[in-house]
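In what follows, a single structure is set out as structure tokens and then discussed.
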Amino acid sequence: MTFDYDLFVIGGGSGGVRAARIASGEWGAKVGLAEESRMGGTCVIRGCVPKKLMVYASGFPGVLEEARAYGWQVKAGHFDWPMFRAKLEAELDRLEGAYRNTLKNAGVTVHDARATLVDAHRVRLASGEEFSAKHILIATGGRPFVPEFPGSELAVTSNEMFHLDALPKRALVVGGGYIASEFSCILNGLGVKVSQFYRGAQILRGFDDEARGHVSNAMRAGGIDIHCGTDVMRLERVAGGIKAVATDGSEREFDLVMYATGRHPNTEGLGLEALGVTLGRQGQIVVDRFSQTAVPSIFAVGDVTGRINLTPVAIREGHAFADTVFGGRPTAFDHQLVASAVFTQPEMGSVGLSEEAAREIEPILVYSTAFRPMRSAFAGTQDRVLMKLIVSQATRKVLGCHIVAPDAGEMIQLAAIAIGMGATKEDFDRTCAVHPTMAEELVTMRKPVRTA
Ligand code: NDP
């Protein structure tokens, strides 16, 4: 049987683009890709990239303050949001263009349309055009989820945050995960008065307790009004803005309410269930370790599979899929030991097990130090950093590393190499310090602070 394409990819985000590029450019497959929105997906268009640029923008008031403490005569002006937003939009246009070029150069045919499945080997575009393909890859990502409650339509999500006409004076951020905590810090840094409501006892659930405590204390010290154990009951439009009536009985007014209460996979309306593709409780596509669904010709990678919702993971899953199916090299991406960073202020980088998770598995030693780094001590600020290692008592292997510090994301990337190689505490200790740095503490912690 002949097909129009060897591979048809639905979704032009991180996972889909990588899979299409490798299948076509490296392995010579005939590849078509459909994207209904902008090329680049969540990460490039409405996620990691614009978010990180906003993180940078929001860090300057702190830097200027520090500069004064170091003897610079500087005065902060006001933040020109429309100017920043225009530059941001131009940068995203440039990146989208780069993604399109990459696909073009790899020989992939791009269809700017929504695609749905007709059967196990056929897709239909919104235009009505149909194509057959030997393999179909679903890489449609996810979207923000806002729970239903009275007034929920007044809330915005991270999608809208990059397009605001003006910055609010007072904002409420709801949620305690990556997105909520990052946007609380961004808005706070940009001069917005921020409150954050989280239904649980401590933000950033799932990360090491000591590290998340350190981040939330620093966020509070930086001026963010964090309310744990608090949720919104209803939102009402009032003359001065939006009134939030909360479970703690409080009623507060804000100019903007942003919900970051998780993301759901984009599987609705694709025609997956009718074909026999298994979906999980949240609607995510269930796949095996080679990203194959219950229908042998249909594969799925990235956030739509709800494994680990991170761009580099989607990229690796997409690459592994292309190598497996078109390169004759069965490759399964290993989801263990994926490092990540939360771009709060201060930043948090983590790899491996938290203290709480590790001690459930085996006896551990905890090495941890919190201190004022040279840069803040000189400036007279109270900013502290945290360096923490979780070590197996039996094997001496470092099971987890948690860093809360400026540029923790950069540091954890390197720690992840060592930990991925199975480094022991002795390997860390043998490594000569780089002085004077914050990260040198990772190789100079001699005594455990506790066993567990
Ligand atoms: P998360 O799943 O990280 O957090 C969702 C938050 O919303 C949790 O605090 C959760 O509470 C809360 N929540 C969920 N449902 C409700 C509800 N009905 N009412 C009130 N609160 C609720 O999702 P995010 O949206 O923050 O991020 C999505 C994913 O995107 C992350 O999992 C991450 O993988 C990825 N991401 C990664 C980034 C990075 O690498 N820096 C940055 C941004 C996103 P509870 O804890 O009680 O469940």
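Read the numbers this way: they start at 1 and go in the same order the structure lists the ligands and their atoms. Numbers for residues simply follow the sequence, beginning at 1. Computed over heavy atoms, backbone and side chain alike; hydrogens, waters and symmetry mates excluded. Remember, it's a predicted structure, so these values are computed and weren't measured experimentally.
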Looking only at protein heavy atoms, which one is nearest to [atom], and how far off is it?
atom: atom 42 (C) of ligand 1; value: Glu182 OE1, 3.3 Å
atom: atom 48 (O) of ligand 1; value: Arg205 NH2, 2.8 Å
atom: atom 16 (C) of ligand 1; value: Arg199 NH1, 3.3 Å
atom: atom 7 (O) of ligand 1; value: Thr261 CA, 3.1 Å
atom: atom 20 (C) of ligand 1; value: Asp231 OD2, 3.5 Å

Any donor-acceptor pair under 3.5 Å from [X] side chain to [Y] backbone:
X: Thr293; Y: Ile298; answer: yes
X: Ser250; Y: Ala246; answer: no
X: Arg220; Y: Ile226; answer: yes

Which is closest to [atom] by heavy-atom distance: [options]?
atom: atom 34 (O) of ligand 1; options: Ile203, Ile179, Asn309; answer: Asn309
atom: atom 37 (C) of ligand 1; options: Tyr198, Phe197, Tyr259, Tyr178; answer: Tyr178
atom: atom 3 (O) of ligand 1; options: Gly262, Gly177, Gly176; answer: Gly177

Show which atoms of ligand 1 fall inside a sub-4.0 Å distance from at least one heavy-atom site of Leu310. 34 (O), 37 (C), 40 (O)
Looking at Lys51, which atoms of ligand 1 are within less than 4.0 Å of one of its heavy atoms? 41 (N), 42 (C)
Flag side-chain contact, heavy atom, 4.5 Å: His227 against Asp248: yes
Determine, step by step, whether Arg21 and Glu26 satisfy the salt bridge (Lys or Arg N to Asp or Glu O under 4.0 Å) criterion, reporting the C-alpha distance in whole Å, the side-chain angles of both residues, the deciding distance to 0.1 Å, and the verdict. CA-CA 7 Å; Arg21 179 163 78 75; Glu26 296 270 323; 5.7 Å; no
Would Lys51 and Phe183 count as a cation-pi pair here, with the cationic atom under 6.0 angstrom from the ring centre and within 45° of the axis? no
Please assess Ser376 against Gln382 for the test side-chain hydrogen bond (donor to acceptor under 3.5 Å, both in side chains), listing each intermediate value before the final yes or no. CA-CA 7 Å; Ser376 355; Gln382 295 308 310; over 6 Å; no
With distance as the sole criterion, is a donor-acceptor pair present between the side chains of Thr344 and Glu182 under 3.5 Å? no
Mind checking whether Gly200 has a heavy atom under 4.0 Å from ligand 1? no
Ligand 1 contact by Ala341, heavy-atom criterion under 4.0 angstrom: yes
Checking heavy atoms under 4.0 Å, the part of Val174 that sits near ligand 1 is neither
Check this for me - ligand 1, Ser340, N or O atoms closer than 3.5 angstrom, yes or no? no
Polar contacts were defined as any N/O atom of the residue lying under 3.5 Å from an N/O atom of the ligand; does this apply to Arg263 and ligand 1? no
Could you check Ile403, Leu414, Thr369 and say which one makes a side-chain contact (heavy atoms from CB on, under 4.5 Å) with Leu442? Ile403
Result of checking Leu154, Leu235, Val238, Val257 against Lys243 for side-chain contact (heavy atoms from CB on, under 4.5 Å): Val238
